[in-house]
Participant: 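This is the structure I want to talk about, given as structure tokens.
Since the structure is predicted, the reported quantities are computational estimates derived from the model, not experimental observations. To find a chain, count down the sequence lines: A is the first, B the second, and so on, and within it residues start at 1.
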Amino acid sequence: MEYEEAKQKIVDELTKKGKTKSKFYFNDLAKILEAKPRDAKKIVNKLVEERVLEYWSSGSTSMYGLPGTGKQAHSEGED
Amino acid sequence: MAKHETPMLDQLESGPWPSFVSDLKAQAEKRAKNEEGINFQIPVDVVDDLLGVLELSYKHGRTHWKHGGIVGVFGYGGGVIGRYCDQPQQFPGVAHFHTMRVAQPGGKFYTTDYLRQICDIWDMRGSGITNMHGSTGDIIFLGTTTPQLEEVFFELTHNMNQDLGGSGSNLRTPADCIGQARCEYACYDTQDLCYDLTQEYQDELHRPAFPYKFKFKFDGCPNCCVASIARSDLSFIGTWKDDIKIDQEAVQAYIGGELPPNAGAHSGRDWGKFDIQKEVIDRCPTECMWMDGKTLKIDNRECTRCMHCINVMPRALRIGDERGLSILAGAKAPILDGAQMGTLIVPFIEAEAPYTKIKEEVIEPIWDWWMEEGKNRERLGELMKRQGLQRVIEVLGVDPDPRMVQEPRHNPYIFWKEEEVEGGFDRDINEFRKYHQR
């Protein structure tokens, strides 16, 4: 898959799911890309580098999201 | 005078142990006085507010920390753990209180100059509170603000040639024992392997793409000083293939009392005369040692490398010469399924740089399997349990070995795959009918 196509796919899918979910596991992204983890990682790394995606970490687990989404208050059902 | 009243924390100081509360109070006072004239980049009263929020947590019986966040240094998905206080008006000093993990040097060998430098960075740009070391082994910097993260990272990398460690769904900072640098039991160069894999797997360390955390730990011998067998997803434990080397004269010196057993350890009280039968031979878990007159004999085929005899008589018994390591997989602390120790997957492999076989035939196949089939937040040990040792063996492409079996299975059913059965599952029906009627 071409990088631009992959980028669009990720942005579209994450935006679509954004109403209910703002943070995604790496495996979710690999599924969207329909790619093996190692190939997906190359794309995801580049997306982070270009700031299309950003990391979120609890300290033990890492997730990915579109920048600016998923405020803490949202996950606690306050907005 | 303290900024916040902390009666419950004060009470903790009355116990018999050294108190972290006393340490925090000392640090709070040191920052307030600032006799060294440090140009503090985060609130001076960060430690006072830390004590305050902890007191409040005791009072309320609940935490006032928010969990996780998006903070980090550019390009790294690990090494920084975001922490925010949910009472920022009351405790502004700890409104941001992020943790940074700094990769510890191999074997935790430091120079005093290095320690001074990291403390100087952290006194200026953080709270000055460290954890030496965290469970994974890293140097932990506790408490700084978001703007200081890149500054600390810049100083560490540019001035100290020092990297951040791993956190999140990454390869965590690999940890090793002091190895051949100081220890004659080390069967391989733990620091070299640890450093080599750290450099090789930089992408895995800094950019999270695993289902969950993954830990390497390296023990030079089965004494397991870093407890890799219990604390790492892949545990590398030094071992040897040939015989334990025996110096019979030294054995007699131990028996005669000229050499102190255990290299003089546990000598704080009188244990009586050294008794080789009771203290060594009878303690051998496989009963593979005996005295033949004045000669100590070992049936090395039965030895399971428990290290007891070598630990008791280090001058008389030494590790063998054909050295390498065993690899165990799947140890973890409880969350799902309870704690697990590592399972032996590679009984013996040579450990010589550039370690190609270890990387290409063990680590990478294991990762490929786990990355593809591991569920989110599933540790390697849990995947191994879910899919079975048979699958691990398949992934590694090795033959099953009795040493991989901890105990006989409780379940008597064995499922064979067609390729494992000579001739497969197809049969010649005419040949069959010669012996069996319809």
Participant: Would B:Asn376 and A:Thr61 satisfy side chain to side chain contact (heavy atoms under 4.5 Å, CB included), going step by step from the backbone distance to the final call?
Facilitator: CA-CA 9 Å; B:Asn376 294 329; A:Thr61 312; over 6 Å; no

Participant: Can a donor-acceptor pair be found, under 3.5 Å and without considering hydrogens, that links the side chain of A:Asn27 to the backbone of B:Gly374?
Facilitator: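 Pair found, side chain donor or acceptor close to backbone of B:Gly374.
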
Participant: Should we count CD of A:Glu50 as having more than 12 external heavy atoms under 6.0 Å?
Facilitator: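 For A:Glu50, atom CD is crowded (more than 12 foreign heavy atoms under 6.0 Å).
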
Participant: Indicate yes or no: at least one non-hydrogen side-chain atom of B:Ser169 is less than 4.5 angstrom from one of A:Tyr25.
Facilitator: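 A side-chain contact is absent here, since even the closest heavy-atom pair is not under 4.5 Å.
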
Participant: How far apart are the closest heavy atoms of A:Ser62 and B:Gly77, and which atoms are they?
Facilitator: OG-O, 4.2 Å

Participant: Applying side chain to side chain contact (heavy atoms under 4.5 Å, CB included), run through A:Glu49 and B:Arg207 and close with a yes or a no.
Facilitator: CA-CA 11 Å; A:Glu49 205 177 299; B:Arg207 283 167 276 281; over 6 Å; no

Participant: Where do B:Glu372 and A:Lys31 land on the salt bridge (Lys or Arg N to Asp or Glu O under 4.0 Å) test, with the steps shown first?
Facilitator: CA-CA 10 Å; B:Glu372 220 158 296; A:Lys31 254 182 226 153; over 6 Å; no

Participant: Any idea which heavy atoms bring B:Arg172 and A:Gly59 closest together, and the distance?
Facilitator: NH2-O, 3.5 Å

Participant: Any chance you could measure A:Ser58, atom OG, to B:Arg83, atom CZ, to the nearest 0.5 Å?
Facilitator: 7.5 Å

Participant: To the nearest 0.5 Å, tell me how far A:Asn45 CG sits from B:Asp203 CG.
Facilitator: 5.0 Å

Participant: Flag yes if more than 12 heavy atoms outside B:Lys375 fall under 6.0 Å of its NZ atom; otherwise flag no.
Facilitator: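 Check fails, neighbour count at 12 or below.
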
Participant: Which distance, rounded to the nearest 0.5 Å, do you find between the CZ of A:Arg38 and the CD of B:Glu364?
Facilitator: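 The CD atom of B:Glu364 is 6.0 Å from CZ of A:Arg38, to the nearest 0.5 Å.
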
Participant: Do A:Lys36 and B:Glu373 sit within salt-bridge range, that is, some charged N less than 4.0 Å from a carboxylate O?
Facilitator: no

Participant: OG/A:Ser60 to CD1/B:Ile335 distance, rounded to the nearest 0.5 angstrom?
Facilitator: 6.5 Å

Participant: Atom CG in B:Asn170, atom OH in A:Tyr55: separation rounded to 0.5 Å?
Facilitator: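 If I round to the nearest 0.5 Å, the distance is 8.0 Å.
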
Participant: If I take atom CZ from residue B:Phe74 and atom CZ from residue A:Arg51, how far apart are they, to the nearest 0.5 angstrom?
Facilitator: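 Rounded to the nearest 0.5 Å, the CZ-CZ separation comes to 4.5 Å.
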
